[in-house]
Amino acid sequence: MLPHDDYPIDNNNSLPPISPSQEREEGRMYSFADVEERLVEAMLVMRRLSDREAGWLRVKACWPDIVRDYGVGDYDARGYLGTSSDIPLRPLPATRRDIADMEQAFGWVLAAKPEDRKLIALAISALAGGAKQVPWMRLRKPMGVKLGAHGLRKRYGRAMHDVVKAANSTISKALLSQSV
């Protein structure tokens, strides 16, 4: 027979339970929407990166195609002299912090099954393209599915659940390393 223990280790009622919504507000936990938004931002950063291979293929000669007359005036950020607003500004290049965040977010996707990563990439790129919702009917053909847009949506939800768990595990590892 085991000896009687008046002070059990398992009985720790001194800390109140923490709700998941409180953890999300304090930044200790990502929600589904947070991870999806972070992946969309990562996709937009990836689109801002330059295509180095295409840059090398465009090299022609030493003489520039455009010879600017610097005595005329300043060129604006659109690359020509003038103040017309019909030409959009070029986006700024990605910073090191943007690229680090992008790599971290794409690293979370590795937690999903390999066959579901393509679905996540198609859905996130549709959202990054400006769609309010994921166009599940248009994703059937790239995924090789004839019927079952609802099935794709459910599959995406399950795969993103694994991605959210991976994102939250990185937060908990970071909090543990800070506290120790």
(request) In sequence, state the C-alpha distance, the side-chain angles, and the governing distance for Arg138 and Leu122, and then conclude on side chain to side chain contact (heavy atoms under 4.5 Å, CB included). (result) CA-CA 10 Å; Arg138 282 192 278 145; Leu122 289 170; over 6 Å; no
(request) Check the pair His150 / Trp136 against side chain to side chain contact (heavy atoms under 4.5 Å, CB included), numbers first and verdict last. (result) CA-CA 8 Å; His150 179 68; Trp136 298 112; over 6 Å; no
(message) Walk me through whether Thr95 and Ile99 qualify under side chain to side chain contact (heavy atoms under 4.5 Å, CB included).
(response) CA-CA 6 Å; Thr95 63; Ile99 293 173; over 6 Å; no
(request) Just do the side chain to side chain contact (heavy atoms under 4.5 Å, CB included) check on Met143 and Leu152 with the steps written out, would you? (result) CA-CA 9 Å; Met143 288 301 296; Leu152 283 179; 4.2 Å; yes
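Counting heavy atoms from C-beta on, the side chains of Phe32 and His161 never come closer than 4.5 Å. Between Asp34 and Met29, the closest side-chain pair of non-hydrogen atoms is not below 4.5 Å. A heavy-atom distance below 4.5 Å is found between the side chains of Ile124 and Tyr156.
To the nearest 0.5 Å, the span separating CZ on Arg153 from CD on Gln133 amounts to 10.0 Å. Asp101 CG to Glu41 CD: the interatomic distance, rounded to the nearest 0.5 Å, is 8.5 Å. Taken to the nearest 0.5 Å, the OG atom of Ser125 stands 10.5 Å off from the CG atom of Leu44. Met43 contributes atom CE, which lies 10.5 Å from atom CD1 of Ile120 (distance to the nearest 0.5 angstrom).
More than 12 heavy atoms of other residues, nucleotides or ligands lie within 6.0 Å of CD in Glu115, so this atom counts as buried by the packing criterion.
Between Asp116 and Arg155, the shortest heavy-atom distance links the atoms OD1-NE, 2.6 Å. Of all heavy-atom pairs spanning Ala126 and Pro135, the tightest one is CB-CD, 3.6 Å. Shown here for Arg38 and Ala105, the closest heavy-atom pair between the two residues is CG-CB, 4.0 Å. A pairwise comparison of heavy atoms in Met137 and Ala149 identifies SD-CB, 3.6 Å as the closest pair. Contact detail for Ala94 and Val45: the closest heavy-atom pair is CB-CG1, 4.0 Å. In terms of heavy-atom proximity, Val134 sits nearest to Ala123 at CG1-CB, 3.7 Å.
At least one donor-acceptor pair under 3.5 Å links the side chain of Arg117 to the backbone N or O of Leu110. A distance-only check finds no donor-acceptor pair linking the side chain of Arg140 to the backbone of Val145 [under 3.5 Å]. A donor-acceptor contact shorter than 3.5 Å is absent between the side chain of Lys132 and the backbone of Leu127.
Taking a cutoff of 4.0 Å between a charged side-chain nitrogen and a carboxylate oxygen, Arg158 and Asp162 do not qualify as a salt bridge.
Using cut-offs of 30° and 60° for the angle between ring planes, the Tyr30 and Trp108 rings count as tilted.
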